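If you scroll down you'll find the structure; I have some questions about it.
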Amino acid sequence: MSLVRGSAGGRRRLVLVVAAVAALAIAASLALSTLRTGPAPAPAPSPSGGPASPEAGADAPVAVFIGDSYTVGAGSEIAGSGFPAILGQARGWQVVNLAVSGTGYVRAHAAGYCPEGGCPAYAGVIDDAVAADPDVVVVSGGRNDLGLEGIDAAVADFFQQLRAALPEARIVVTSPLWDDSATPPELVAMRETVARESRRVGAELVDLGDLFAGRPELIAPDDLHPNAAGLRLIAERIDEALGAG
């Protein structure tokens, strides 16, 4: 009560103190958010639930992205939105980014930003993709699966499930990417598997090849992920491959 009855100068000091506390709380929240290496997947995303291109209107096509840290944009200046935001802006899509760092066709991930039970492999987000009612689904990734067993079967099963769940959607698949170092033979073999199984369900394959080979200027300081320029290049190559429409 004494604070309410205080002088005008006292009230001004109180307002300044409250404003300072609020600013510190916001700054702390932002700082915590930057510690995440990938976004926590929404349990029931909607077309407006992910980062959308500024030009995309309510009637714009909805594009769902399924992928890993390259799709999230981890390690770059645009972490959390990644190349999907760039591609969505170029094509006028509403973007729903379901990608999660550390996951793949086989590999699930149990990081601090995952819900109880961990973040699932790609097949585990198909229900969320369906909930977004997409016109387009873009699938990218695969390097996290190297060294695991059952890759061929998991890739085939994923694409069969995805097509069965979204029979009318346009499915676009990129070949698994590597960084600027020499691409391991296991990834080359996986690219062949992804190409074969995605085409089997009528998906459009975008073969990105060794996009970053010998190009360290496109890799983030962590020596693993593409930087903003590298992510922009991914978006441009996909956009070129898809053509008009």
Side-chain angles (χ1 to χ4, degrees), residues 32-52 62-88 93-132 134 136-148 150-151 154-155 157-159 161-162 165-166 169 171-179 187 190 194 198 208 220 222 224-228 230-231 234-235 238:
L32 287 173
S33 69
T34 61
L35 295 177
R36 293 184 173 184
T37 58
S46 65
S48 60
V62 175
V64 164
F65 288 76
I66 298 173
D68 55 16
S69 57
Y70 274 41
T71 313
V72 171
S76 76
E77 306 91 318
I78 53 174
S81 57
F83 76 81
I86 301 171
L87 183 59
W93 289 343
Q94 298 182 69
V95 171
V96 179
N97 194 343
L98 299 179
V100 179
S101 295
T103 62
Y105 291 94
V106 179
R107 187 179 294 278
H109 196 47
Y113 50 79
C114 293
E116 185 176 354
C119 296
Y122 289 179
V125 302
I126 290 178
D127 286 346
D128 289 344
V130 172
V136 182
V137 179
V138 179
V139 182
S140 186
R143 66 175 289 157
N144 291 325
D145 294 318
L146 296 192
L148 300 180
I151 291 176
V155 171
D157 184 60
F158 166 74
F159 285 118
Q161 287 189 53
L162 184 63
L166 294 166
I171 299 176
V172 177
V173 181
T174 78
S175 55
L177 284 164
W178 198 248
D179 50 58
L187 191 77
M190 187 175 183
V194 169
S198 61
L208 296 174
D222 63 8
L224 176 63
H225 298 96
N227 57 23
L231 294 170
I234 295 174
I238 297 174

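Since this is a predicted model, take the numbers as computed values, not measurements.
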* **Atom pair OH/CG of Tyr70 and Asn144 - distance to nearest 0.5 Å** => 9.5 Å
* Asked: Between Pro134 and Ala129, what is the shortest heavy-atom contact and its length?
  -> CD-O, 3.1 Å
* To do: Could you pull out the closest heavy-atom pair between Leu87 and Ala235, with the gap in Å?
  => CD1-O, 3.5 Å
* Would you please indicate yes or no on a ring centroid separation below 6.0 angstrom for Tyr105 and Phe159? => yes
* Test side-chain contact (heavy atoms from CB on, under 4.5 Å) applied to Tyr122 and Asp145, step by step -> CA-CA 11 Å; Tyr122 289 179; Asp145 294 318; 5.8 Å; no
* Gap between atom CG of Asn227 and atom OG of Ser76 - 0.5 Å precision -> 7.5 Å
* Asked: CG of Leu98 to CG of Asp128: how many Å apart, nearest 0.5 Å?
  -> 5.5 Å
* Between CG on residue Leu231 and OG on residue Ser81, distance to nearest 0.5 Å -> 8.0 Å
* Return yes if some donor-acceptor pair links the side-chain N/O of Asp222 with the main-chain N/O of His225 below 3.5 Å, else return no. => yes
* Asked: Is there side-chain contact between Leu177 and Ile234, with heavy atoms separated by less than 4.5 Å?
  -> yes
* Could you go through the side-chain contact (heavy atoms from CB on, under 4.5 Å) check for Leu166 and Ile171 one step at a time? => CA-CA 9 Å; Leu166 294 166; Ile171 299 176; 5.6 Å; no
* Heavy-atom side-chain contact between Val136 and Trp93 under 4.5 Å -> yes
* Asked: Do the non-hydrogen side-chain atoms of Ile238 and Thr174 ever get within less than 4.5 Å of each other?
  -> yes
* Structure fact -> Heavy-atom nearest pair, Gly67 first then Thr103, reads O-OG1, 3.4 Å
* Asked: Listed by chain and number, what are the salt bridge (Lys or Arg N to Asp or Glu O under 4.0 Å) partners of Asp179, not counting sequence neighbours?
  -> Arg143
* Asked: Would His109 and Ser101 count as a side chain to side chain donor-acceptor pair (under 3.5 Å) if you check the C-alpha gap in whole Å, the side-chain angles of each, and the deciding distance to 0.1 Å?
  -> CA-CA 8 Å; His109 196 47; Ser101 295; over 6 Å; no
* To do: Can you see which heavy atom on Thr71 is nearest to which on Pro84, and at what distance?
  => O-CD, 3.2 Å
* Hey, mind stepping through Val100 and Asp68 against side-chain contact (heavy atoms from CB on, under 4.5 Å) and telling me if it holds? -> CA-CA 5 Å; Val100 179; Asp68 55 16; over 6 Å; no
* To do: Working to the nearest 0.5 Å, report the span between CG of Asn97 and CD1 of Ile66.
  => 10.0 Å
* To do: Heavy atoms only: give me the nearest Glu77-Ala228 pair and the separation to one decimal.
  => OE1-N, 3.1 Å
* Could you pull out all residues at least two apart from Arg107 that satisfy salt bridge (Lys or Arg N to Asp or Glu O under 4.0 Å)? => none
* Asked: From Leu162 CG over to Ser198 OG, what is the distance, rounded to the nearest 0.5 angstrom?
  -> 10.5 Å
* With a 4.5 Å heavy-atom cut-off, do Trp178 and Leu146 have their side chains touching? -> yes
* Is there a side-chain contact between Val125 and Pro120, using heavy atoms and a 4.5 Å cut-off? -> yes
* What heavy-atom pair brings Val106 and Ala154 nearest, and what distance separates the two atoms? -> CG2-CB, 3.4 Å
* Step by step, work out the side-chain contact (heavy atoms from CB on, under 4.5 Å) result for Val95 and Phe65. => CA-CA 8 Å; Val95 171; Phe65 288 76; 3.9 Å; yes
